[in-house]
Amino acid sequence: MINVIGLGYIGLPTALMMAAHGIEVVGTDHNEELIRTLSGGHTTFEENGLEELFQTAVERGIRFTAQYQATDAYIVSVPTPYDKFSKKVDAAYVVAAVKEVLQVAVQGAVIVIESTISPGTINKYIRPLLAEKDIHLAHAPERIIPGNMLYELIHNNRTIGVDDREIGEKVKKYYASFCQGEIVVTDICTAEMTKVVENTYRAVNIAFANELAKICRHDDMDVYEIIRICNMHPRVNILQPGPGVGGHCISVDPWFLVGDYPSLAKVIDESMKTNDSMPDFVLNRIYEIMKENHMTDISRVGIYGLTYKENVDDLRESPTLQMLESMERHLCGNKVKVYDPFVTDEVVENQYHDLGAFLQEADLVVIMVKHDEIRKNTDRLRGKIVLDCHNVCTLDGVYHL
Ligand code: SAJ
C-alpha cells in the first residue's frame, strides 16, 4: 500500500492515478475539511479529466484520511514555499510530514519526496531525521503542467533520485504503473537540481521575452512579430512576453538557486526581477493609455483574468492580484472592475461573474489572462479601448505590452 501525504494539486492526481492503475492507495492530508470533501465524493479543484479519474480511483478503493498509515511506501507532496527574505526553500512542511511518517513507517520503508526542493535539501533537512532507522529516501519531482496534468502524468518522462539502484527499481515500478514516459534513475541531489533547473530555464526564457517586450515598447517595435521571425531560426526558441509570471513553480523555484548561490546565480536573479516587474509595467501601460485617450475615471477600467494563467482556476502568485495590490497602494483603494470566468468566489473588490455585465462597465479592457473564453469573444471588445497583454486580440487599434 502507498500512503500519499498531501492531497493538493500534485498529490491528489498522483494518488488517483496510482489507485486507478491497481495500486492500493490511501491519501492523507491534515486538512480535515479537504478529507471530508474527498470522502464525500467531490474533487477539490478544476482540472481536465480529474472528475472521471476520481470516480475510477474511488471504484478501485482509494481512501482519504487525516491519519498517517503504517506501510512500506510513502509519497510526500506537500508545499515548499520560499522564504521571501532569504529566497531559500522553506522545507518545514516536508520535514513535518517526514517526522509523522517516521512514527508509523515499517522497517525498510521508502519515503519518496515529490515536493520541489532545492539541491541538498534532503541531505540537509530530511536525512538527519532518519537517525539509525532502516528507512530509504527517494526524490521523484513532479513535472506536470496545470491544465494538462493528467495527460502529462501519463506521458512525461520522469526522474527518480535514490541512494541505491534496488530502491530505484522499487520506486520506478510504482510510477511505471501509469507513466508511459522514460523513467530515469539517478542520485538524489541530481534529481533535486534537475527539477529546479527545468523551471529556471523557463523563467529565464520568459524573462528574456519580457525584456524584449520592454525594449520594443521603448522604440515602438512589434515584439511578437520579432519573436515569431526569430523562432523560425532552427536553433532559437523564445517564449512569449506576458503581464508577469505566476503559479507556484516558475515564479518560486528559481529563487531557491538565488537564495543558495547569491554570488553565482546572477542571470537567474535578474531574470526573476524582470518577471516580477511585469505587473507594474502593465499598470504603467494602463496609465499611459488612459492619458492618451483622455480617460480619467479608473472605475471604467476592466481587468480580464485573475488566475495565474489561462484555463485554470489557480490564483497562486497571480500577476493580476499583484497588479491590483500595487494599484491599491498607488490609488488608495482600487476601483477597477475585475472578471474571471474561472473564479466564482469573491476574491477582490468590484468582481463580476458575467462577461456581458463586466464589459458593459468597462471602456478600457485589459487582457491579463488568455482564457479560451476571451479568445473566442474578441469581437465583443469592438468599440472598447483594449490593452492586450497576450497578443490574442486581432481588432484594429489594440494596445500591447
Ligand atoms: N508564461 C509566460 N510566457 C510564456 C509561458 C508562460 O509569461 O511563454 C507565464 C504564464 O502565464 C504563467 C507562468 O509563466 O503565469 C507559469 O506558467 P507555465 O505554464 O509556464 O508553467 P507552470 O508554472 O504552470 O508549470 C511549470 C512547468 N514547468 C516547465 O514547463 C519547465 C511544469 O512542467 C512543472 O511541473 C511545474 O512548473 C511545476 O510544478 O514545477
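Everything numeric here is computed off the predicted structure, so don't read it as measured data. Just so you know, ligand 1 is whichever comes first in the structure, and atom 1 is the first atom listed for that ligand. Residue indices begin at 1 and follow the sequence shown.
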Could you pull out every N or O of ligand 1 that sits under 3.5 Å from a protein N or O, with the distance for each pair?
from: ligand 1; atom 1: 3 (N); to: Q240; atom 2: O; distance (Å): 2.8
from: ligand 1; atom 1: 8 (O); to: Q240; atom 2: N; distance (Å): 2.9
from: ligand 1; atom 1: 8 (O); to: Q240; atom 2: O; distance (Å): 3.4
from: ligand 1; atom 1: 15 (O); to: G246; atom 2: N; distance (Å): 2.9
from: ligand 1; atom 1: 15 (O); to: Y308; atom 2: O; distance (Å): 2.8
from: ligand 1; atom 1: 19 (O); to: K309; atom 2: NZ; distance (Å): 3.0
from: ligand 1; atom 1: 20 (O); to: R202; atom 2: NE; distance (Å): 2.6
from: ligand 1; atom 1: 20 (O); to: R202; atom 2: NH2; distance (Å): 3.1
from: ligand 1; atom 1: 24 (O); to: Y308; atom 2: OH; distance (Å): 2.5
from: ligand 1; atom 1: 24 (O); to: K309; atom 2: NZ; distance (Å): 2.9
from: ligand 1; atom 1: 28 (N); to: N199; atom 2: OD1; distance (Å): 2.8
from: ligand 1; atom 1: 33 (O); to: R143; atom 2: O; distance (Å): 2.6
from: ligand 1; atom 1: 35 (O); to: E142; atom 2: OE1; distance (Å): 3.1
from: ligand 1; atom 1: 35 (O); to: R143; atom 2: O; distance (Å): 3.0
from: ligand 1; atom 1: 35 (O); to: I144; atom 2: N; distance (Å): 3.0
from: ligand 1; atom 1: 35 (O); to: I144; atom 2: O; distance (Å): 2.7
from: ligand 1; atom 1: 37 (O); to: N199; atom 2: OD1; distance (Å): 3.4
from: ligand 1; atom 1: 39 (O); to: E142; atom 2: OE2; distance (Å): 2.4
from: ligand 1; atom 1: 40 (O); to: K195; atom 2: NZ; distance (Å): 2.6
from: ligand 1; atom 1: 40 (O); to: N199; atom 2: ND2; distance (Å): 2.6

key: Partners passing salt bridge (Lys or Arg N to Asp or Glu O under 4.0 Å) against D269 (at least two apart in sequence or in another chain)   =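 Salt bridge (Lys or Arg N to Asp or Glu O under 4.0 Å) list for D269, sorted by chain: K273.
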Throw together a table of side-chain donor-acceptor distances under 3.5 angstrom for residues 302-314, partners on residues two or more places apart or in other chains.
from: Y304; atom 1: OH; to: E373; atom 2: OE1; distance (Å): 2.5
from: T307; atom 1: OG1; to: K309; atom 2: O; distance (Å): 2.7
from: T307; atom 1: OG1; to: H371; atom 2: NE2; distance (Å): 3.4
from: K309; atom 1: NZ; to: P146; atom 2: O; distance (Å): 3.1
from: N311; atom 1: OD1; to: D372; atom 2: N; distance (Å): 2.9
from: N311; atom 1: ND2; to: D372; atom 2: OD1; distance (Å): 3.1
from: N311; atom 1: ND2; to: D372; atom 2: OD2; distance (Å): 3.4
from: D313; atom 1: OD2; to: E46; atom 2: N; distance (Å): 3.3
from: D314; atom 1: OD1; to: R316; atom 2: N; distance (Å): 3.0
from: D314; atom 1: OD1; to: R316; atom 2: NE; distance (Å): 3.2
from: D314; atom 1: OD2; to: R316; atom 2: NE; distance (Å): 3.3
from: D314; atom 1: OD2; to: R316; atom 2: NH2; distance (Å): 2.9

query = Would the Y339 and F358 ring centres measure less than 6.0 Å apart?
reply =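 Yes; F358 has its ring centre under 6.0 Å from that of Y339.
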request  = Please work out which of the three classes, parallel, tilted or perpendicular, describes the rings of F54 and F64, given edges at 30° and 60°.
outcome  =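 The arrangement is parallel - the two ring planes meet at less than 30°.
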message = Once ring-ring contact (aromatic ring centres under 6.0 Å, His included) is applied, do any residues pair with Y151, and if so which ones, sequence neighbours excluded?
response =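 Expected list: H155.
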key: Side-chain donor/acceptor of T121 to backbone N/O of I117, under 3.5 Å   =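 No, the answer is negative, given that no donor and acceptor are paired below the 3.5 Å cut-off.
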